[in-house]
Amino acid sequence: MRHQVFQTQNTFLAPEINIVLYNDKDYPRKFTVDFGANDVKNPAANRHSCLSRKPVAVMNGPPFDQWDPSARPRPYGSFERSTSMAVIPAKSFAHRYYPVGFFSRMPCEITLTITDQADGQKIASRIVVAKPSQEEDVEPDDVSVTATAQSQVEDKRQLVTILVKNNAAKPVAFRLVRKMLLDCDADISDSLIKEGMEGSFVRIEKDSYAAVLTAVTMRSEAVSKDCRLSAEFQGLTQLSRRHPLRQVTVPLSATAQDRHAAPRVAK
């Protein structure tokens with residue numbers, strides 16, 4: 001089960017623990033990700049745990065949900081729970097995250113458990129959450145970009161993840177300029193734009209990742225073969241026309257929504 005675990009600082013409830021699960025097979029695979037909360041039965045059992053100072057009920061109850069607009073829950077609520085399901089299309093990936101937030105002191109640690117629903121195989125992955133570095137941000141000159149779109153059949157929604165890897169030895173910073181739908185009978189349904197994770201300013205530590213999420217609600221079941229999401233980014237200065245972040249285009253057509261989407265870069 002190939003995966004990446006990393007820390008970000010991109011929402012109101014930062015820091016976030018992120019995991020990217022890769023499916024290298026030619027068929028879909030289903031996984032669950034447990035961010036360790038179920039193992040914290042006694043808050044004093046592990047004084048280094050990021051979860052030991054905040055029971056699960058605190059994260060899943062009113063103090064956590066108050067960040068959502070009333071009567072308009074954000075489309076990423078299912079991402080922000082201690083246990084999450086991921087159905088990964090063939091040759092694609094899925095991203096999930098869990099906000100540790102200001103409920104914990106740092107440094108602290110979390111052990112994630114990944115379970116393959118086909119055979120019950122489990123893999124544990126430990127991450128130590130630390131305070132962000134104080135290094136000065138640089139231009140995102142050495143980044144690589146991948147993207148995927150996942151269908152949510154029950155509510156005609158697609159969740160688009162643009163995954164950016166920082167290959168440089170220093171933190172990089174950039175910001176989302178705009179997100180647009182092209183040739184789609186659909187709407188961008190971000191109920192609450194928070195920094196980084198769903199738009200605005202993004203900072204990536206050295207040799208790490210960040211994910212920009214977008215929820216798209218289809219108005220009809222039929223999806224145009226030309227339907228796509230276009231996202232444009234900007235560095236500390238204007239990005240060059242051939243920069244991989246200048247314009248990232250993710251296809252949302254019926255044939256593309258259930259597989260890895262190779263983002264198109266503006267020429």
Side-chain angles (χ1 to χ4, degrees), residues 1-23 29-67 74 76-88 93-117 120-134 159 161 163-166 171 194-198 202-213:
M1 285 181 275
R2 189 164 63 93
H3 64 281
Q4 296 283 348
V5 178
F6 56 95
Q7 171 186 342
T8 54
Q9 199 81 14
N10 289 327
T11 73
F12 290 143
L13 294 175
E16 310 88 21
I17 306 303
N18 298 250
I19 184 168
V20 177
L21 295 165
Y22 296 92
N23 179 12
R29 301 178 72 187
K30 182 184 291 187
F31 296 89
T32 55
V33 180
D34 176 11
F35 285 90
N38 294 337
D39 295 330
V40 186
K41 297 180 175 59
N42 180 357
N46 182 357
R47 63 187 181 87
H48 301 294
S49 171
C50 297
L51 304 168
S52 64
R53 298 173 184 84
K54 54 170 186 51
V56 179
V58 174
M59 286 299 290
N60 292 350
F64 183 82
D65 294 334
Q66 68 184 0
W67 292 98
R74 290 181 305 104
Y76 307 106
S78 60
F79 281 40
E80 299 171 336
R81 295 297 179 256
S82 59
T83 301
S84 180
M85 179 75 71
V87 179
I88 314 175
F93 69 86
H95 165 263
R96 294 293 184 268
Y97 73 95
Y98 182 64
V100 174
F102 43 70
F103 297 100
S104 293
R105 300 174 185 173
M106 293 182 281
C108 60
E109 64 182 52
I110 284 183
T111 299
L112 294 75
T113 303
I114 310 159
T115 305
D116 188 335
Q117 293 300 291
Q121 180 185 359
K122 296 179 183 290
I123 288 181
S125 184
R126 175 176 170 270
I127 181 172
V128 175
V129 181
K131 291 183 179 180
S133 68
Q134 301 301 311
L159 296 178
T161 303
L163 186 67
V164 184
K165 181 184 179 184
N166 175 19
K194 297 190 301 186
E195 290 188 0
M197 196 65 71
E198 297 164 30
V202 182
R203 184 179 193 267
I204 313 180
E205 295 289 338
K206 61 182 181 181
D207 301 315
S208 191
Y209 298 78
V212 176
L213 306 180

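Computed from heavy atoms alone, side chains included, the values below leave out hydrogens, waters and symmetry copies. The first residue of the sequence shown is numbered 1, and numbering continues consecutively from there.
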> Quick one: are His95 and Asn18 in side-chain contact, heavy atoms under 4.5 Å?
Replying inline: yes
>> How long is the straight-line distance from NZ of Lys30 back to CG of Asp116, given to the nearest 0.5 Å?
In response: 11.0 Å
>> Is any side-chain heavy atom of Thr115 closer than 4.5 Å to one of Asp34?
In response: no
>> To the closest 0.5 Å, what do you measure between CZ (Phe35) and CD1 (Ile110)?
In response: 8.0 Å
>> So which atom in Glu109 and which in Arg126 form the shortest heavy-atom distance, rounded to 0.1 Å?
In response: OE1-NH2, 3.0 Å
> With side chains defined as the heavy atoms from C-beta onward, is the minimum distance between Tyr98 and Leu112 less than 4.5 Å?
Replying inline: no
> What heavy-atom pair brings Asn166 and Pro171 nearest, and what distance separates the two atoms?
Replying inline: ND2-CA, 4.0 Å
> Between Phe93 and Tyr22, how do the two ring planes meet: parallel, tilted or perpendicular, split at 30° and 60°?
Replying inline: tilted
> Do you know the tightest heavy-atom contact between Thr8 and Ala210?
Replying inline: CG2-CA, 4.4 Å
> Between Gln7 and Ala130, which heavy-atom pair has the shortest distance, and what is it?
Replying inline: NE2-O, 2.6 Å
> Do the non-hydrogen side-chain atoms of Gln9 and Glu205 ever get within less than 4.5 Å of each other?
Replying inline: no
> What distance do Ile17 atom CD1 and Cys108 atom SG have between them, rounded to the nearest 0.5 Å?
Replying inline: 7.0 Å
> Nearest 0.5 Å, what's the CE-CZ distance between Met85 and Arg96?
Replying inline: 10.0 Å
> Where is the tightest heavy-atom contact between Ala86 and Leu21, given as atom of each residue plus distance?
Replying inline: CB-CD1, 4.4 Å
> Side-chain contact, heavy-atom cut-off 4.5 Å: Ile204 with Phe6?
Replying inline: no
> Is there a side-chain contact between Leu213 and Leu159 (heavy atoms, below 4.5 Å)?
Replying inline: no
> Atom CE in Met1, atom CD1 in Ile114: separation rounded to 0.5 Å?
Replying inline: 6.0 Å
>> If I take atom CD1 from residue Ile19 and atom OH from residue Tyr97, how far apart are they, to the nearest 0.5 angstrom?
In response: 15.0 Å
